A.B. asks: 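Before I ask anything, here is the structure I am working with.
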Amino acid sequence: MTSEVVPGIGIRGNGSLASEAAREIKRLILANGLRSGDLLPTESELCEKLGVSRSSVREAIRTLQTLDIVDVKHGRGTFVGKMSLQPLVETLAFRSVTSPGDDFRALREVVDVRVSLDLSFAERIVAHFEGTRHELLHLLVGEMVASARRGEPFAAADREFHTQLFSESGCEMVSQLVAAFWDVHTAVLPQLAIPTPCDIELTAKAHGDMLEAAEAGDVEAYRRAVNAHYAPLLRVLDASAPDRSA
């Protein structure tokens with residue numbers, strides 16, 4: 001799909017021309033109902049429509065590219081990007097490890113968000129999986145339990161399990177959010193030298209309890225399993241957090 005420039009778009013208001021151009025390009029994407037992979041107007045067309053220089057348009061495109069809003073393919077043109085949450089992940093992770101005194105608090109907030117998402121969408125996830133058997137998720141559970149018994153980490157399987165739960169339930173945006181906060185969590189954790197929970201095997205088994213509860217249509221059992229899943233990590237975080245009362 002190739003976009004048509006929308007009438008009435010033009011630079012206005014305060015701020016740099018490049019910043020205004022970036023805002024108007026986003027408005028063009030929305031106004032035309034463009035989706036990932038759709039072709040945007042050429043650089044010359046954008047310059048003419050927005051009434052700005054080629055350098056301003058190029059700077060705007062570079063800004064939007066870093067946000068994954070546009071994708072520049074040399075020799076082919078500029079397309080609507082995948083709009084992933086990776087820029088958010090990198091910003092949150094960097095903020096979490098560079099904010100003096102806020103590192104533990106930031107990580108605890110990230111974990112709290114993960115718990116909230118799992119609990120808030122419990123009914124939808126259970127409704128989707130009730131009466132089914134998802135072989136991939138069961139394989140992931142088995143992989144996590146086996147790794148935990150060997151005292152080995154299971155980060156990749158853990159991440160895939162949680163994102164699959166949401167994407168399979170039709171919650172694609174939430175799946176991206178879960179992946180984003182999971183990635184922030186795993187990026188920040190090593191910086192704080194927080195020990196691995198001694199009962200990490202309980203975390204691995206809790207994934208299986210979540211899945212079995214969902215397939216059985218038991219929302220309350222699913223929520224109990226979610227809380228059991230995060231309990232070891234939360235105990236370690238609380239025990240490792242610095243005493244701010246001193």
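A quick note: this is a predicted structure, and the numbers were derived from the prediction, not measured. Note that these values count all heavy atoms, side chains included, but never hydrogens, waters or copies made by symmetry. Position 1 is the first residue of the sequence, and the numbers go up from there.
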A.B. asks: Atom OG in S53, atom CZ in R58: separation rounded to 0.5 Å?
C.D. replies: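 One gets 9.5 Å once the value is rounded to the nearest 0.5 Å.
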A.B. asks: Taking all non-hydrogen atoms of both residues into account, name the closest pair between A148 and E201 and its distance.
C.D. replies: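 Minimum heavy-atom separation between A148 and E201: CB-CA, 3.8 Å.
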A.B. asks: Would a distance-only check, ignoring hydrogens and angles, find a side-chain to backbone donor-acceptor pair under 3.5 Å from S120 to L117?
C.D. replies: no
A.B. asks: Regarding E215 and H138, do their side chains bring together a donor and an acceptor under 3.5 Å, going by distance alone?
C.D. replies: yes
A.B. asks: Is the backbone of H128 close enough, under 3.5 Å, to the side chain of T132 for a donor and an acceptor to pair up by distance?
C.D. replies: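 It does not hold such a pair.
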A.B. asks: How about F129 and E168: do any of their side-chain heavy atoms sit closer than 4.5 Å?
C.D. replies: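 Yes, side chains in contact.
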A.B. asks: Starting at NZ of K49, measure out to OG of S44 and round the result to the nearest 0.5 Å.
C.D. replies: 15.0 Å
A.B. asks: Which pair of heavy atoms, one from A206 and one from A228, lies closest together, and at what distance?
C.D. replies: CB-C, 4.1 Å
A.B. asks: Within a 6.0 Å radius of atom CD on Q65, are there more than 12 heavy atoms belonging to other residues, nucleotides or ligands?
C.D. replies: yes
A.B. asks: Which heavy atom in A21 sits nearest to a heavy atom in A60, and how many Å separate them?
C.D. replies: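 Closest approach of A21 to A60, heavy atoms only: CB-CB, 3.8 Å.
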A.B. asks: Is there side-chain contact between Y222 and I125, with at least one heavy-atom pair below 4.5 Å?
C.D. replies: yes
A.B. asks: Taking all atoms of both residues into account, what is the closest heavy-atom pair of E43 and V57, and its distance?
C.D. replies: CG-CG1, 4.0 Å
A.B. asks: Is there a side chain to side chain contact (heavy atoms under 4.5 Å, CB included) between V111 and L233 once you walk through the steps?
C.D. replies: CA-CA 9 Å; V111 175; L233 174 61; 3.9 Å; yes
A.B. asks: Within the side chain of S56, is there an N or O that forms a donor-acceptor pair under 3.5 Å with the backbone of V52?
C.D. replies: no
A.B. asks: Determine whether V80 and V70 make a side-chain contact, defined as any pair of heavy atoms from C-beta on separated by less than 4.5 Å.
C.D. replies: no
A.B. asks: Using a 4.5 Å cut-off on heavy atoms from C-beta on, say whether the side chain of Q176 contacts that of S167.
C.D. replies: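 Of all side-chain heavy-atom pairs linking Q176 with S167, none is under 4.5 Å.
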A.B. asks: Mind checking whether K82 and D71 have side chains closer than 4.5 Å, heavy atoms only?
C.D. replies: no
A.B. asks: Does the distance from a Lys or Arg side-chain N to an Asp or Glu carboxylate O, for K26 and E24, drop under 4.0 Å?
C.D. replies: no
A.B. asks: As a quick check of understanding, evaluate side chain to side chain contact (heavy atoms under 4.5 Å, CB included) for L50 and L17, giving each step before the final call.
C.D. replies: CA-CA 9 Å; L50 302 180; L17 291 177; over 6 Å; no
A.B. asks: Quick check: do I25 and I61 have side-chain heavy atoms less than 4.5 Å from each other?
C.D. replies: yes
A.B. asks: Count I, L, V, M, F, W, Y as connected when their side-chain heavy atoms are under 4.5 Å apart, and connections chain through other members. Are W182 and V226 then in the same cluster?
C.D. replies: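 No, W182 and V226 fall in different hydrophobic clusters.
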A.B. asks: Give me the atom names and distance for the closest heavy-atom approach of A179 to R159.
C.D. replies: CB-NH2, 3.4 Å
A.B. asks: Would L177 and L119 show up in the same hydrophobic cluster when neighbours are defined by side-chain heavy atoms closer than 4.5 Å?
C.D. replies: yes
A.B. asks: Taking only Lys NZ, Arg NE, NH1 and NH2, and the carboxylate oxygens of Asp or Glu, determine whether D209 and R224 approach each other closer than 4.0 Å.
C.D. replies: no
A.B. asks: Is there a side-chain contact between Q164 and L136, using heavy atoms and a 4.5 Å cut-off?
C.D. replies: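 A side-chain contact under 4.5 Å exists here.
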A.B. asks: Counting only N and O atoms by type, is there a donor-acceptor contact under 3.5 Å from the side chain of E45 to the main-chain atoms of T42?
C.D. replies: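 Indeed, once roles are kept as given, a pair shorter than 3.5 Å links the two residues.
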A.B. asks: How long is the span from the CG atom in D218 to the CE atom in M210, to the nearest 0.5 Å?
C.D. replies: 13.0 Å
A.B. asks: With no hydrogens and no angle check, is any side-chain donor or acceptor of S147 less than 3.5 Å from a backbone partner on M144?
C.D. replies: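 Checking the backbone N and O of M144 against the side chain of S147, no donor-acceptor pair under 3.5 Å is found.
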A.B. asks: Establish, from distance only, whether the side-chain atoms of D118 and Y230 form a donor-acceptor pair under 3.5 Å.
C.D. replies: yes
A.B. asks: Any side-chain heavy atom of R108 within less than 4.5 Å of one from D112?
C.D. replies: yes
A.B. asks: Here's a test for you: under side chain to side chain contact (heavy atoms under 4.5 Å, CB included), which of L46, L64, T78, V72 qualifies with L40?
C.D. replies: T78
A.B. asks: Any sub-3.5 Å donor-acceptor pair from D158's side-chain atoms to F154's backbone N or O?
C.D. replies: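 Not a single qualifying donor-acceptor pair exists.
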A.B. asks: Could you tell me whether a side-chain N or O of S175 sits under 3.5 Å from a main-chain N or O of C171, the two making a donor and an acceptor?
C.D. replies: no
A.B. asks: So, do H162 and H229 have ring centers that fall under 6.0 Å from each other?
C.D. replies: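 Centroid distance H162-H229: below 6.0 Å, so yes.
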A.B. asks: Under the 3.5 angstrom rule, does the side chain of D38 hit a backbone N or O of R35 as a donor-acceptor pair?
C.D. replies: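 Yes, because the side chain of D38 sits within donor-acceptor range (under 3.5 Å) of the backbone of R35.
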A.B. asks: Checking L211 against F161 for the side chain to side chain contact (heavy atoms under 4.5 Å, CB included) test, could you report, in this order, the C-alpha distance in whole Å, the side-chain angles of both residues, the deciding distance, and whether it holds?
C.D. replies: CA-CA 10 Å; L211 181 56; F161 178 89; 4.3 Å; yes
A.B. asks: When rounded to the nearest 0.5 angstrom, what is the spacing between OG1 in T63 and CG in L67?
C.D. replies: 7.5 Å
A.B. asks: Looking at every heavy atom in both A204 and V141, which two are closest together, and how far apart are they?
C.D. replies: O-CG1, 4.4 Å
A.B. asks: Do other residues, nucleotides or ligands put more than 12 heavy atoms under 6.0 Å from the CD atom of E48?
C.D. replies: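 Not buried by this count: 12 neighbours or fewer within 6.0 Å.
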A.B. asks: One pair to check against side chain to side chain contact (heavy atoms under 4.5 Å, CB included): E123 and R223. What are the steps and the verdict?
C.D. replies: CA-CA 9 Å; E123 291 184 358; R223 290 193 171 115; 3.8 Å; yes
A.B. asks: Roughly how far, to the nearest 0.5 Å, is the CD atom of E152 from the CD1 atom of I200?
C.D. replies: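 So the CD1 of I200 and the CD of E152 are separated by 12.5 Å.
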